[in-house]
Each structure stands twice: as C-alpha cells, then as structure tokens.
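Taking it in order: structure first as structure tokens, then the write-up.
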Amino acid sequence: MSVPFLVSAPGKVIIFGEHSAVYNEPAVAASVSALRTYLIVLPAEDPNVVELDFPDINFNHKWHHEEFEKVLRDKEALEEARHNTLQLSARVVKELETLHSDLNKTLYYCAALCFSYLYVCLCPEVKGLKFMVKSTLPIGAGLGSSASISVVLALSMAHISGLIKAEGELSLSEKKLVNTWSFLGEKCIQGTPSGIDNAVATYGNAVSFKREMDGTTNLEFVESFPQVPMVLTYTKIPRSTKTLVSNVRELVVRQPNVVKPILTAMGQLAIRGTEILDSLDESNYQELLELVRVNHGLLVSLGVSHPGLELVRFESESMGIGSTKLTGAGGGGCSLTILHKGTTQEQVQLFKKKLESSYGYKTFQTDLGGIGCGIIPHKAFPLEKLHDIEALFKQDVPNEKIDAILLPGKTNLHWIY
Ligand SMILES: Nc1ncnc2c1ncn2[C@@H]1O[C@H](COP(=O)(O)OP(=O)(O)OP(=O)(O)O)[C@@H](O)[C@H]1O
Ligand SMILES: C[C@@](O)(CCO)CC(=O)[O-]
Ligand SMILES: [Mg+2]
C-alpha cells in the first residue's frame, strides 16, 4: 500500500423526511459538495501502530497493532461481520468495547469504535499508518458530519485493502461498497441510522431514498434537481443525532397510534416533495414552501425542534422571507429556509444579518448537489505539496484555507470520483 493518499466526502441537506426515514418512509436529500470531510493517510512514526488523528474533536489515539490481536483471532466473528453487512457484529463490537474501555462514556468513544470496526473488517493486516481527518462541515449540526467521517474511513480502508483500486473513475460497485461500509460506520456513531446520510455522502447529487423492511435500501437519483433558492442557518446549538433518534423511538413506543400516522404523513410529504423537486416551476413552487412548513410542524410534534430553531422560523415568517424547517436530526444544529419567489437580495441580506447579529448564528448560501466521495491515490498525489496539505490537518485551520488547497473542482488536484 502506497501512502500518502487523500480521500474526501461531502455533507448533505435533508429536504424532506428526517426521522421518518428511520421508519422506512421515503426521504429526499442532496449533497453539499462545498462542505466536506478530508482524510489523509500517512506513514506513522512507529511501524507497529495504527494512529488516528481527529483534530476537529481534539482526539488523537494510537493503537499498538498487538492490541487488535484478540479481535483478529476471532476469525469466525470477523467473517460474519464481513458477510452480514446490514448489521454490526455484536461479537466484534464487544471485543472492541473492551479495547476502548479507557474511552468509554467519552465523546470520543463512538468515533474510535467507527474507526476500529472498519479497520478490523477492511484492512486488519495493515500497520504503521496514520489517519488524519479534517472537516469543513460544522460537527453535530445536521449536515451529515458523522456520515462524511464514515465514508472517508470506509473509502480509505477499502483502498488500502485493494478492494478499491482507484485507477479510473470510481465504479458504481466501488461506491456501493463504500456505501455499505459507511452505513456500518454510521451505526457505530449513531445507533440506528436510516442510511440516507452515508448514501448522499457516498454518491453525491440528490437522492430519493427509502429503507426497506429487510434492511436494504432503495436509492434513486433525482436527475433534474433544481437549485432552489435557500438559506441554511447553523444555530451553533449542540445536539447529538443518536440521542434525538432514540428519543423519537421512545415516543413511538409510548404513543404508537399517535406517532405512526405522523411518520406516515412525513413519508407522503417526501413523495410529493420529490415529485415537485423533479419538475419545479411557477405552478408548484408555492406548494413546495407549504410542504416545508408542514414537515417542520410534524418534526416539532416529534419533539425534535429547539427554541433556537423556532427563532429562525419566526424570523423567516415575520420578515416574509420564506418557509423554514429544521434539517437533519434537529434539537439545534441547522435549519433550511426556502425563499419565496420574488424575495430580493436586500431582504435576504437583512434576514441573514438579523440571524447573525441578534442570535450569533451562522448562515450559508450554498449550491446543493454535486460530487460525492472522491480519492487522490498515491500515484496522483502531489508530493511537492505534502507539507502544505499536512498543515491543513490541524485544529483551527480556517475553512477558506482548506478549500483553497483541497476542494474538488476548485483546485488542480486530481480527484477521482
Ligand atoms: N470532523 C470530525 N472529526 C471527528 N469526528 C467527527 C467529525 N465530525 C463528526 N464526527 C463524529 O460525528 C459525531 C456527530 O454526529 P451526529 O450524527 O450527531 O451529527 P451530524 O452528523 O453532524 O448531524 P446529522 O446526523 O443530523 O446530519 C461527533 O460526535 C463525532 O463522533
Ligand atoms: C434523523 C435522521 O433521519 C437524519 C439525520 O441526518 C437519522 C437517519 O436518517 O439516520
Ligand atoms: Mg450524523
């Protein structure tokens, strides 16, 4: 295996169907290819360790390869884990839990489990490598940061193992492999993901998604996804998708007759929303805004909004800007506001200024859709830029600096998608 090499994956915005997607209802989402997670694989100083460096969450850990020996000896469990990729193997997770007992109950535990599960399943023989991860996505904000982490780890490890050669474009079956393994990575971080976030981070573009009863997923690309004028707002209110998803699960158990119809309604809304997005024009634009409003109301009823998100909704309605819903798991994090037809740039600037100066929120206006995961294999890696690239994988490096050197499509690096 030749290092260094680089991989990356985008964030996502769910337009309709968060939470209900977990209950096999359809949902629609698009990638945000300008906000990405990058991973560089380098030689580690010690040839016998596997090192993980996550400067964004201030987590660095080295495992001596011998520490994995007990898990690696359980060949039967590993075989089962590699075959049944719809579920995490309870046996492998148990072994890894013991290995990470010093991290238990810390913020880092899930990230370490995601890394080590993919490592023991995909490239367990390899050592003497350092995996450094850096993201321009806000973390834990509803824009799919966990899925993008899972995708870059799965892609890098599948490349190391030789399963993905990256000699030409990434084929559909290679992307399918990344999607399959990143779903398991998401399970380590999130518990019971639907799989929509890792699918969008893998394939990019806009997808209509449905999880089936047997655990498989049905994915269709929304070919003519329009650039809908919208403002994304990051409230900076921290939350965890895992907690929010499990709170909804408890609500479903307590109130099945009340909550199940809400989830069904959300699915219907996603179906109609996808139809509109596929053929958006003057005649159905207003209906799109109406569906955004209804979807947010249903999410409020599941208990996954937050007063800080309601402020964005309040401002967008009182300023007459457009329709707002939370996006992602909610509980804080991000919202999206789809703008009314005829909203002027001046009005948008006033809206953004209000959110930023009165509440300290951050707003984005970014195109949706675009490329999914990508790789710069060793043979295309610009070694003369290694020093500059490595310097980006540190805490507090501004996004603009990372974009200027790494952003696919905007720089002359040879990303393969
Ligand atoms: N840049 C990063 N470096 C390391 N770990 C990260 C990074 N980004 C995300 N993570 C992992 O993902 C977790 C956050 O995932 P979570 O699913 O709660 O939020 P999200 O994916 O941003 O939002 P959503 O799931 O609603 O789209 C973090 O606690 C951490 O374990
Ligand atoms: C809340 C949720 O629906 C979306 C998180 O981005 C969870 C999931 O689908 O995995
Ligand atoms: Mg997530």
Side-chain angles (χ1 to χ4, degrees), residues 8-29 31-32 35-39 52-61 103 106-115 131-153 182-183 185-201 207 209-211 217 232 234 236-249 263 266-267 270 295 299 302-304 309 326-336 393-395 397 399 402:
S8 86
K12 61 86 223 229
V13 171
I14 298 184
I15 315 289
F16 296 114
E18 44 278 275
H19 288 287
S20 43
V22 176
Y23 298 86
N24 307 320
E25 296 293 343
V28 59
S31 62
V32 191
L35 295 174
R36 304 184 74 85
T37 294
Y38 299 91
L39 162 61
L52 172 62
D53 196 11
F54 279 179
D56 291 332
I57 58 167
N58 205 8
F59 176 47
N60 175 287
H61 205 89
L103 298 172
T106 67
L107 185 72
Y108 311 128
Y109 176 77
C110 295
L113 183 65
C114 172
F115 176 82
F131 295 75
M132 291 168 87
V133 174
K134 185 82 192 140
S135 192
T136 60
L137 275 160
I139 299 170
L143 299 184
S145 68
S146 62
S148 68
I149 296 288
S150 302
V151 169
V152 291
L153 288 172
S182 58
F183 175 65
E186 266 283 81
K187 271 187 170 284
C188 294
I189 298 178
Q190 211 250 64
T192 55
S194 62
I196 189 170
D197 292 5
N198 54 283
V200 177
V207 298
F209 174 95
K210 187 175 180 319
R211 192 177 162 68
T217 53
L232 281 176
Y234 176 31
K236 302 186 188 163
I237 298 161
R239 77 320 162 269
S240 139
T241 298
K242 187 176 186 166
T243 310
L244 288 150
V245 168
S246 99
N247 289 350
V248 172
R249 188 169 302 280
L263 297 168
M266 288 166 129
N295 198 169
L299 286 160
L302 296 184
V304 295
L309 284 164
L326 67 86
T327 184
C334 286
S335 65
L336 67 85
F393 287 75
K394 301 261 171 346
Q395 234 171 2
V397 176
N399 282 1
I402 299 173

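Atoms within each ligand, like the ligands themselves, are counted from 1 in listed order.
- The closest approach between any non-hydrogen atom of Lys12 and ligand 2 is below 4.0 Å.
- Annotation: Ala111 places no N or O atom under 3.5 Å from an N or O atom of ligand 1; distance criterion only.
- The distance from atom CG of Asp197 to atom CD1 of Ile189, rounded to the nearest 0.5 Å, is 10.5 Å.
- Taking only nitrogen or oxygen atoms, main chain and side chain alike, Asp197 reaches within less than 3.5 Å of ligand 2.
- Annotation: atom 4 (C) of ligand 2 to nearest protein heavy atom, Ile14 CD1, 3.6 Å.
- Distance from atom 28 (C) of ligand 1 to its nearest protein heavy atom, with residue and atom name: Ile139 CG2, 4.1 Å.
- Summary of contacts: the protein heavy atom closest to atom 25 (O) of ligand 1 is Thr241 OG1, 2.8 Å.
- Not one N or O of Val133 is nearer than 3.5 Å to an N or O of ligand 1, by distance alone.
- Looking only at distances, a side-chain donor or acceptor of Lys210 sits under 3.5 Å from a matching main-chain atom of Asn24.
- Heavy-atom contacts of Ala329 reach the following atoms of ligand 2: 1 (C), 5 (C) (cutoff under 4.0 Å).
- Using a cut-off of 2.8 Å, one finds that Ser146 contributes an N/O/S atom close to the Mg ion (ligand 3).
- For atom 5 (N) of ligand 1, the nearest non-hydrogen atom of the protein is Ile57 CD1, 3.6 Å.
- Under the 4.0 Å distance rule, the nearest protein heavy atom to atom 2 (C) of ligand 1 falls inside the cut-off.
- Screening Val13, Ile14, Leu326 against Leu336 for a side-chain contact (heavy atoms from CB on, under 4.5 Å) leaves a single residue, Val13.
- Looking only at side-chain heavy atoms (C-beta outward), Asn295 and Ile15 stay at 4.5 Å or farther from each other.
- Contact annotation: for Val22 versus ligand 2, heavy atoms closer than 4.0 Å belong to the side chain alone.
- Residue, atom and distance of the protein heavy atom nearest to atom 9 (O) of ligand 2 are Ser194 OG, 2.6 Å.
- Near Gly328, meaning under 4.0 Å from any of its heavy atoms, are these atoms of ligand 1: 26 (O).
- Smallest separation of non-hydrogen atoms from Val304 and Ala329: CB-O, 3.7 Å.
- The only option from Phe115, Phe59, Phe54 that meets the ring pair (Phe, Tyr, Trp, His ring centres under 6.0 Å) definition with Tyr108 turns out to be Phe59.
- Among all protein heavy atoms, the one lying closest to atom 11 (C) of ligand 1 is Ile189 CD1, 4.3 Å.
- Without hydrogens or angle criteria, Lys134 side chain to Asp56 main chain gives no donor-acceptor distance under 3.5 Å.
- Ligand 1 has no nitrogen or oxygen under 3.5 angstrom from a nitrogen or oxygen of Gln190.
- Within the 4.0 Å heavy-atom criterion, neither part of Ile14 lies near ligand 1.
- Not a single N or O atom of Phe54, backbone or side chain, sits closer than 3.5 Å to an N or O atom of ligand 1.
- Proximity of Arg36 to Ile402: side-chain heavy atoms (C-beta onward) are nowhere separated by under 4.5 Å.
- Near Ser135, the atoms of ligand 1 lying under 4.0 angstrom from a non-hydrogen atom of the residue are 1 (N).
- In this structure, Gly328 counts as a contact residue of ligand 2, since one of its heavy atoms falls inside 4.0 Å of the ligand.
- Thr136 contributes no side-chain N or O that, together with a main-chain N or O of Asn399, makes up a donor-acceptor pair within less than 3.5 Å.
- Looking only at distances, no side-chain donor or acceptor of Arg211 sits under 3.5 Å from a matching main-chain atom of Ala21.
- Checked by distance only, ligand 1 and Ser240 stay at 3.5 Å or farther apart across all their nitrogen or oxygen atoms.
- Atom 15 (O) of ligand 1 has its closest protein heavy atom at Ser146 CB, 3.3 Å.
- Partner of Thr37 under the side chain to side chain donor-acceptor pair (under 3.5 Å) criterion, out of Ser145, Ser8, Ser135: Ser135 alone.
- Taking every non-hydrogen atom of Pro193 and a distance limit under 4.0 Å, the qualifying atoms of ligand 2 come out as 10 (O).
- For atom 8 (N) of ligand 1, the protein comes within 4.0 Å by at least one heavy atom.
- Side chains of Ser146 and Thr241 form no contact here, defined as non-hydrogen atoms less than 4.5 Å apart.
- Among the atoms of Ala147, none of the N or O lies under 3.5 angstrom from an N or O of ligand 1.
- With distances taken over non-hydrogen atoms, the option nearest atom 7 (C) of ligand 2 out of His19, Gln190, Glu18 is Gln190.
- Distance check, rounded to the nearest 0.5 Å: CG of Leu137 to NZ of Lys12 gives 9.5 Å.
- Counting only heavy atoms of the protein, atom 26 (O) of ligand 1 lies nearest to Arg239 NH2, 2.6 Å.
- Of the protein's non-hydrogen atoms, the one nearest atom 19 (O) of ligand 1 is Gly140 CA, 3.2 Å.
- Interface atoms of ligand 1 facing Ala329, defined by a heavy-atom separation under 4.0 Å, are 26 (O).
- Considering only non-hydrogen protein atoms, atom 20 (P) of ligand 1 sits nearest to Ser145 OG, 3.4 Å.
- When only interatomic distances are considered, the shortest N/O to N/O separation between Lys242 and ligand 1 does not fall below 3.5 Å.
- Polar contact with ligand 1: present for Asp56 (N/O pair, distance under 3.5 Å).
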